[in-house]
Amino acid sequence: MRTTVRPAALVAAYFDNLAPDERATAQALQRAVLEAAPGLEQTVKWGNLVFTWRGTNALAIVTHKTHANLQFFQGAGIAPQFPQLEGSGRGVRHLKCRYRQPVDEALVRAMVQAALDELA
């Protein structure tokens, strides 16, 4: 019989599978995101930690070899306010956070609030 994996278990497994530098940066990003918007739901999609807002994908933490991206699914709408956002195209933008560098939590919180305002 199959059982449903609870989102908290998926999130814990996501962090367990990261290298130490990746984990530290990803956890700092997660903390800043949840401080800005405690109502976001967390899950793992496409191998990444994804935050949803009212059933819509809002943000994701995507790890790479040398950095982690905080990805904003509707980031193009807030890009004019935040020149730190990278990317092109119709929607997605990301904030690059290098491992072993401090995460600018105040910037992340401001970006998350702006992104959620954009979704509202």
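Computation of the quantities below employed the complete heavy-atom set of this structure, encompassing side-chain atoms and omitting hydrogens, waters and symmetry-equivalent molecules.
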Practice problem: Give the intermediate values and the outcome of side chain to side chain contact (heavy atoms under 4.5 Å, CB included) for residues T25 and D21. | Solution: CA-CA 6 Å; T25 301; D21 288 342; 5.8 Å; no
Exercise. Start with the C-alpha gap between T56 and Q74, add the side-chain angles, then the distance that decides, and say whether side chain to side chain contact (heavy atoms under 4.5 Å, CB included) holds.
Key: CA-CA 10 Å; T56 300; Q74 302 300 323; 5.8 Å; no
Quiz prompt | Path from V112 to V11 over hydrophobic side-chain contacts below 4.5 Å | solution = yes
Exercise. Look up atom CD in Q113 and atom CD in E35, then write down how far apart they are to the nearest 0.5 Å.
Key: 11.5 Å
Self-check item: Gap separating the CG atom of N69 from the CZ atom of R93, nearest 0.5 angstrom
Solution: 13.0 Å
Quiz item: Looking only at heavy atoms, which two atoms of L18 and A26 are closest? And how far apart?
Solution: CD1-CB, 3.8 Å
Quiz item: Just wondering, do H94 and V62 contact through their side chains at under 4.5 Å, heavy atoms?
Solution: no
Quiz item: Quick one: are T63 and Y99 in side-chain contact, heavy atoms under 4.5 Å?
Solution: yes
Exercise. Decide whether V103 and F82 are clustered together by the hydrophobic rule: side chain heavy atoms of Ile, Leu, Val, Met, Phe, Trp, Tyr closer than 4.5 Å, transitively.
Key: yes
Quiz item: How long is the span from the CG atom in L40 to the CG atom in L116, to the nearest 0.5 Å?
Solution: 5.5 Å
Quiz item: Do Q71 and N48 come close enough that some side-chain heavy atom pair is under 4.5 Å?
Solution: no
Quiz item: How about V33 and Q42: do any of their side-chain heavy atoms sit closer than 4.5 Å?
Solution: no
Self-check item: Nearest heavy-atom neighbours spanning Q30 and I61
Solution: N-CD1, 3.7 Å
Quiz prompt | Side chains of L95 and L85 in contact at under 4.5 Å (non-hydrogen atoms) | solution = yes
Quiz item: Out of curiosity, Q101 CD to T66 OG1, how far, rounded to the nearest 0.5 Å?
Solution: 11.0 Å
Practice problem: Enter the distance from W53:CH2 to L59:CG here, rounded to the nearest 0.5 Å. | Solution: 11.0 Å
Quiz prompt | Same cluster (ILVMFWY, side-chain, under 4.5 Å), L34 and M111 | solution = yes
Quiz item: Considering only heavy atoms from C-beta outward, does the side chain of F15 approach that of L49 to under 4.5 Å?
Solution: yes
Quiz item: Under a 4.5 Å cut-off applied to non-hydrogen side-chain atoms, are Q84 and D104 in contact?
Solution: no
Quiz item: Does V50 reach the side chain of F73, with side-chain heavy atoms less than 4.5 Å apart?
Solution: yes
Practice problem: Any chance you could measure E22, atom CD, to H67, atom NE2, to the nearest 0.5 Å? | Solution: 11.0 Å
